[in-house]
**Student:** 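Got a structure for you, questions after.
No hydrogens, no waters, no symmetry mates; every other heavy atom, side chains included, goes into these values.
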2 protein chains.
Amino acid sequence: MVITRATEYAVRTVVFLAQQEKNEIVLKKDICRTQDVTPAFLTKILQPLIKAGIVSSQRGVGGGFLLAKDPEQITLLDIFQAEEGQLKLNHCLVDVDVCHRDAYCSAHEVWYEAQMQMAQVLKSYSVSDLVKRQHEKLTQLKKCAP
Amino acid sequence: MVITRATEYAVRTVVFLAQQEKNEIVLKKDICRTQDVTPAFLTKILQPLIKAGIVSSQRGVGGGFLLAKDPEQITLLDIFQAEEGQLKLNHCLVDVDVCHRDAYCSAHEVWYEAQMQMAQVLKSYSVSDLVKRQHEKLTQLKKCAP
DNA sequence: ATTCCGTTGCTCGTGTTATAACCACGCTGA
DNA sequence: TCAGCGTGGTTATAACACGAGCAACGGAAT
């Protein structure tokens, strides 16, 4: 019942990309160095982001990664779903017909409501929100311990 | 990122117990038969419920299980936490100090908010709510296909 | 003694978290 | 134009943890 490391790294990576100058291409190893991820694992994490249209990539010399959309257009839910597939709290919430009890199982609806609330929160934050917040936090930090 | 089967079975079991006459003791095998759980697995599921003070048990001839509290006093969150421990969406939300980034990681707060929303939903439903709903659903069903 | 539940340990499958080897693409300079 | 190098892309694999379930034995109550 936890989000995976892959999702966490993916969020970090996208936020990092959003912090670069627009259209600036970033090397994989620079992402790794700054975000504490190993190159091999980062490769695996980036592919779903690319397929979801969140990140784009460029091969060859001078190649690397960059955001494929505006940071305002990317929500945390997008990143989550790119890595983990559709959000579901219980199997019966997605694979319809799997649960023959769902006609009378009242828990079903509660799981559904909890899931919707969670999705709502994740959808309400864009990557640019995160970048802004992070900036604020860092300037706060500097004030406290300059 | 899904609830475990144990939690699902636990909810079913508690709802089933709540549907009995007050203080009626139910045999393990009757729970198994009605709730589609194997005895061996149910054994494992019931223990955390007992330790959490949700269910109590009676050994020996005529023994079995019954609710230890009023169904109004038991929330879905109680059952969830009995089976899966404290709800946490990300490791860094419980094991403080594990994440050295949390001072500036803005995703941290979003996971926290999503988690709180979810907990709020689970806390807002008691077992007696579920029993009531289930009863309504069943009478609806009978109306449609008598 | 019988009928219950309690505890423990085990297996087996699946998902997470990587790692590594090899492949495909594209720029660049001879 | 083409060889070579520097990129990311794909796929196979492995270690490990956890979920899910099973079984056997132990202990309490009647």
**Student:** Does A/Thr38 have a side-chain nitrogen or oxygen under 4.0 Å from the phosphate oxygens OP1 or OP2 of C/dT19?
**Tutor:** yes

**Student:** Grab the NZ-P distance between B/Lys51 and C/dC5 for me, whole Å please.
**Tutor:** 16 Å

**Student:** Side chain of B/Phe65 only, heavy atoms from C-beta on: which candidate in D/dG21, D/dG8, C/dG6 is closest?
**Tutor:**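 Output: C/dG6.
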
**Student:** How long is the straight-line distance from CD1 of B/Ile25 back to CZ of B/Phe65, given to the nearest 0.5 Å?
**Tutor:**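 So the gap between those two atoms works out to 10.5 Å.
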
**Student:** Could you state the atom-to-atom distance from CD of B/Glu8 to P of D/dG19 in whole Å?
**Tutor:**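 Answer to the nearest Å: 15 Å.
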
**Student:** Given D/dA20, is OP1 or OP2 found less than 4.0 Å from the side-chain N or O atoms of B/Tyr9?
**Tutor:**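 No, because none of the side-chain N or O atoms of B/Tyr9 sits under 4.0 Å from OP1 or OP2 of D/dA20.
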
**Student:** Consider the side chain of A/Gln58, meaning its heavy atoms from C-beta on, and name the nucleotide among C/dT19, C/dC27, D/dA23 that approaches it most closely.
**Tutor:**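 Closest of the options to the side chain of A/Gln58: C/dC27.
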
**Student:** Decide, yes or no, whether a salt bridge links B/Lys132 with B/Glu136 under the criterion of side-chain N to carboxylate O below 4.0 Å.
**Tutor:**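 A salt bridge is absent here (no side-chain N lies under 4.0 Å from a carboxylate O).
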
**Student:** Of B/Val61 and A/Ser57, whose nearest nucleotide on DNA chain D comes first from the 5' end?
**Tutor:** A/Ser57

**Student:** Between D/dG21, D/dG8, C/dA18, which one does the side chain of A/Lys44 approach most closely?
**Tutor:** C/dA18

**Student:** Taking the minimum atom-to-atom distance to the side chain of B/Arg5, which one of D/dT7, C/dA20, D/dG21 wins?
**Tutor:** D/dG21

**Student:** When all nucleic acid strands are considered with a 4.0 Å heavy-atom cut-off, which category describes B/Gly62: base, sugar-phosphate, or nothing?
**Tutor:** nothing

**Student:** Report the distance from atom CZ of B/Arg12 to atom C1' of D/dA20, rounded to the nearest whole Å.
**Tutor:** 14 Å

**Student:** Could you please name the option among C/dG6, C/dT17, D/dA29 that lies closest to any side-chain atom of B/Gln47?
**Tutor:**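 For B/Gln47, the side-chain atoms sit closest to C/dG6.
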
**Student:** Using whole Å, report how far CG of B/Asp36 lies from P of D/dA20.
**Tutor:** 16 Å

**Student:** To the nearest Å, give me how far apart CD (A/Glu83) and P (C/dA18) are.
**Tutor:** 13 Å

**Student:** Side chain of A/Phe41 only, please: which of D/dA23, C/dG6, C/dT19 is the nearest?
**Tutor:** C/dT19

**Student:** What integer distance in Å separates B/Glu84:CD from D/dG19:C1'?
**Tutor:**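 To the nearest whole Å, that distance equals 10 Å.
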
**Student:** Given A/Leu66 and A/Gln20, is the side-chain contact (heavy atoms from CB on, under 4.5 Å) satisfied, shown in steps?
**Tutor:** CA-CA 9 Å; A/Leu66 71 166; A/Gln20 311 306 308; over 6 Å; no

**Student:** Of all the nucleotides listed (C/dA18, C/dA20, C/dT16), which has the minimum atom distance to the side chain of A/Thr4?
**Tutor:** C/dT16

**Student:** Just the rounded figure in Å: distance from P of D/dG8 to CG of A/Leu66.
**Tutor:**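 Between P of D/dG8 and CG of A/Leu66: 12 Å.
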
**Student:** Does A/Arg59 or A/Ala6 map to a spot on DNA chain C nearer the 5' end, using the closest nucleotide for each?
**Tutor:**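 Counting from the 5' end, the first nearest nucleotide belongs to A/Ala6.
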
**Student:** Can you tell me the distance, in whole Å, between the CG atom of A/Leu42 and the P atom of D/dT10?
**Tutor:**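 After rounding, the reported distance stands at 14 Å.
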
**Student:** Hey, mind stepping through B/Asn90 and A/Thr7 against side-chain contact (heavy atoms from CB on, under 4.5 Å) and telling me if it holds?
**Tutor:** CA-CA 10 Å; B/Asn90 200 353; A/Thr7 300; over 6 Å; no

**Student:** With a 4.0 Å cut-off on heavy atoms, is B/Leu46 in touch with a base, just the backbone sugar-phosphate, or nothing at all?
**Tutor:**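 Nothing, no nucleic acid heavy atom in range.
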
**Student:** Would you check if A/Lys22 and A/Asp70 make a side-chain contact, meaning some heavy-atom pair closer than 4.5 Å?
**Tutor:** yes

**Student:** Answer whether the closest heavy-atom distance between the side chains of B/Val11 and B/Leu130 falls below 4.5 Å.
**Tutor:**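 They are in contact (side-chain heavy atoms under 4.5 Å apart), so the answer is yes.
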
